[in-house]
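The structure appears right after this line, and notes come after that.
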Amino acid sequence: MTQDKPILYDQSIFDGLNFGTSLTDNGKYPEFCQQAIHDDSLFNDFRRNETYNFALEHDSEKQGLEYLEVAKKLKLFADYIEEFKQNDTVGNPIKFNYDQIGEISPTTIRYIKVLSDLEHEFGTLNNLNICEIGVGYGGLCRIIDSYFRSVKSYCLVDLQPVLGLTQKYLNHFQINTSISCKTAEDLSVEDRYDLVISNYAFTELRREVQDIYLEKIILNSHKGYITYNQINFLDFNGYSVDELIKIIPNGKILHEIEMTNPGDCILVWS
């Protein structure tokens with residue numbers, strides 16, 4: 001099956017949905033995650049479920065090729081590619097056959113691409129306390145943990161049903177780091193992290209929720225990597241990238257690959 005265009009920004013997908021704190025806090029997506037936690041028949045194929053694809057697993061084969069060009073810059077890419085492909089043994093994702101590496105999902109390639117960016121910008125992630133805002137099903141966490149096997153701790157922050165699905169996914173693997181799960185309500189200004197990561201999730205939040213994450217995570221983190229988009233859906237009124245650069249010390253902007261949506265970029269700081 002070939003899927004040449006991402007579906008996330010198709011306006012028809014949003015029709016009739018009531019959004020809470022973010023684009024994925026829409027009722028249907030959290031409800032599906034909750035059902036998949038308790039129903040193995042749903043969980044076994046969750047990565048190709050239409051409701052789930054609203055949020056994830058919508059990268060196309062062509063996007064995977066572009067991600068792959070960056071992912072190959074990872075220092076030990078060839079040594080770890082078979083380990084990375086283990087991500088796709090759970091959830092039955094749509095996979096494509098790519099030259100030299102075989103079958104793999106574009107989403108997993110995207111996570112490897114993010115890992116490559118992180119290694120390039122920050123070096124080793126070993127011995128770091130990491131926090132990820134908006135965790136999907138834990139795929140990036142699994143990729144990072146399989147490559148840097150001495151990450152001190154990894155905090156996953158998302159809606160409660162999403163965290164439950166993530167825990168079920170990660171339970172299929174041997175994880176080296178210490179995992180914790182938190183909702184926005186669980187966060188504290190006392191928390192400190194060495195690195196915060198967010199792939200689109202932060203920029204898909206309402207501004208008032210972004211303020212919570214800025215206060216309790218982002219401005220308390222020594223380093224950061226945020227993949228930024230300009231959805232600002234309806235009345236979300238999210239922060240612009242120019243505003244974030246002024247708020248976050250030592251920030252800089254990196255270009256995202258060409259096949260992502262116009263205006264997408266990466267905000268990093270250290």
Side-chain angles (χ1 to χ4, degrees), residues 6 8 24 33 46-47 52-53 55-59 63-64 67-68 70-71 73-74 76-77 80-81 83-91 93 104-122 124-126 128-159 162-163 165-182 193-204 213 217-218 221 223-229 254 256-257 260 264 266-268:
L8 181 57
T24 54
C33 291
F46 81 89
R47 291 174 65 182
Y52 195 81
N53 292 156
L56 286 145
E57 298 294 329
H58 45 254
D59 293 305
Q63 283 176 309
Y67 294 136
L68 189 56
V70 180
K73 296 177 183 179
L74 193 70
L76 300 177
F77 175 84
Y80 277 82
I81 186 60
E83 176 65 28
F84 294 149
K85 287 163 72 174
Q86 290 300 304
N87 265 43
D88 293 338
T89 61
V90 179
I104 188 171
S105 74
T107 301
T108 295
I109 301 176
R110 176 162 56 87
Y111 289 148
I112 305 170
K113 180 263 183 192
V114 172
L115 175 64
S116 177
D117 287 345
L118 293 171
E119 182 182 62
H120 180 265
E121 289 298 320
F122 307 121
T124 182
L125 305 187
N126 284 326
L128 297 188
N129 294 303
I130 299 175
C131 180
E132 184 179 356
I133 301 170
V135 303
Y137 49 84
L140 178 60
C141 173
R142 219 297 293 191
I143 289 289
I144 290 175
D145 182 76
S146 67
Y147 189 78
F148 292 111
R149 300 188 178 183
S150 298
V151 173
K152 186 178 294 183
S153 68
Y154 203 111
C155 179
L156 302 160
V157 181
D158 214 310
L159 302 170
V162 177
L163 294 173
L165 181 64
T166 297
Q167 288 175 306
K168 184 168 184 174
Y169 175 84
L170 292 177
N171 283 343
H172 286 75
F173 304 97
Q174 180 178 339
I175 303 297
N176 303 294
T177 188
S178 172
I179 299 286
S180 62
C181 295
K182 294 184 178 183
Y193 301 100
D194 299 303
L195 172 65
V196 61
I197 303 167
S198 183
N199 285 295
Y200 298 117
F202 174 77
T203 55
E204 295 173 3
Y213 285 115
I217 297 181
I218 291 173
S221 301
K223 306 172 185 177
Y225 176 102
I226 295 176
T227 312
Y228 179 93
N229 59 29
L254 307 177
E256 181 57 301
I257 66 170
T260 57
D264 285 7
I266 300 168
L267 171 62
V268 298

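We count residues from 1, following the sequence as given.
- To the nearest 0.5 Å, atom NZ of residue Lys113 and atom CG of residue Leu140 are 11.0 Å apart.
- Taking each heavy atom of Phe77 and Ala71 in turn, the nearest pair found is CD1-O, 3.4 Å.
- Looking at Leu76 and Glu119, their side chains never come closer than 4.5 Å, going by heavy atoms from C-beta outward.
- Residues Val114 and Ile143 are not in side-chain contact: their nearest non-hydrogen atoms beyond the backbone lie 4.5 Å or more apart.
- No option in Gln167, Glu57, Lys168 other than Glu57 meets the side-chain hydrogen bond (donor to acceptor under 3.5 Å, both in side chains) test with Tyr137.
- Legend: residues meeting side-chain hydrogen bond (donor to acceptor under 3.5 Å, both in side chains) with Lys223, ordered by chain and number and at least two apart, are absent.
- A heavy-atom distance below 4.5 Å is found between the side chains of Cys141 and Ile179.
- Considering only heavy atoms from C-beta on, Leu115 comes within 4.5 Å of Phe84 through its side chain.
- With hydrogens and angles disregarded, a donor-acceptor distance shorter than 3.5 Å links the side chain of Asp194 to the backbone of Asn129.
- Scanning all heavy atoms of the two residues, the minimum distance from Val157 to Tyr213 falls at CG1-CE2, 3.5 Å.
- Expressed to the nearest 0.5 Å, how far CD1 of Ile217 lies from SG of Cys155 amounts to 6.5 Å.
- Rounding to the nearest 0.5 angstrom, the gap separating the CD atom in Glu132 from the CG atom in Asp158 is 8.5 Å.
- Partners of Gln86 according to the side chain to side chain contact (heavy atoms under 4.5 Å, CB included) rule, which considers only residues two or more places apart in sequence or in another chain, are Thr89, Arg142, Phe173.
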- Do Asp59 and Tyr67 pass the side-chain contact (heavy atoms from CB on, under 4.5 Å) test, and can you show the C-alpha distance, the side-chain angles, and the key distance before you say yes or no? CA-CA 10 Å; Asp59 293 305; Tyr67 294 136; 3.3 Å; yes
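- A heavy-atom distance below 4.5 Å is not found between the side chains of Tyr228 and Leu254.
- Under the side chain to side chain contact (heavy atoms under 4.5 Å, CB included) criterion, Asp145 pairs with Ile175, Asn176, Thr177, sequence neighbours left out.
- One distance of note links OH of Tyr193 with CD1 of Ile218; it measures 12.0 Å at 0.5 Å rounding.
- Residue Gly64 comes nearest to Pro106 through the heavy atom pair CA-CB, 4.1 Å, listed as atom of the first residue, atom of the second, then distance.
- In summary, the side chains of Asp117 and Tyr225 do present a donor paired with an acceptor at a separation below 3.5 Å, with no hydrogens or angles considered.
- Here the shortest heavy-atom pairing between Asn126 and Ser150 reads OD1-N, 2.9 Å.
- Contact check for Phe46 versus Leu165: side-chain heavy atoms found under the 4.5 Å cut-off.
- In this structure a side-chain-to-backbone donor-acceptor pair under 3.5 Å is missing from Ser116 to Ile112.
- Side-chain atoms of Ser178 do not come within 3.5 Å of backbone N or O of Lys152 as any donor-acceptor pair.
- Here the straight-line distance linking atom CZ of Phe202 with atom CG of Leu267 works out to 9.0 Å at 0.5 Å rounding.
- Taking each heavy atom of Leu128 and Thr124 in turn, the nearest pair found is CD1-O, 4.2 Å.
- Checking side-chain atoms of Ser198 against main-chain N and O of Ile133 turns up a donor-acceptor pair under 3.5 Å.
- Looking only at atom types and distance, the side chain of Thr108 has no donor-acceptor partner in the side chain of Asn87 under 3.5 Å away.
- Rounding to the nearest 0.5 angstrom, the gap separating the OH atom in Tyr52 from the CZ atom in Arg47 is 8.0 Å.
- The minimum heavy-atom distance linking Leu156 with Leu163 is given by the pair O-CD2, 3.6 Å.
- With contacts defined as side-chain heavy-atom distances shorter than 4.5 Å, the pair Ile144/Ile197 qualifies.
- The shortest side-chain heavy-atom distance between Leu125 and Tyr147 does not fall under the 4.5 Å cut-off.
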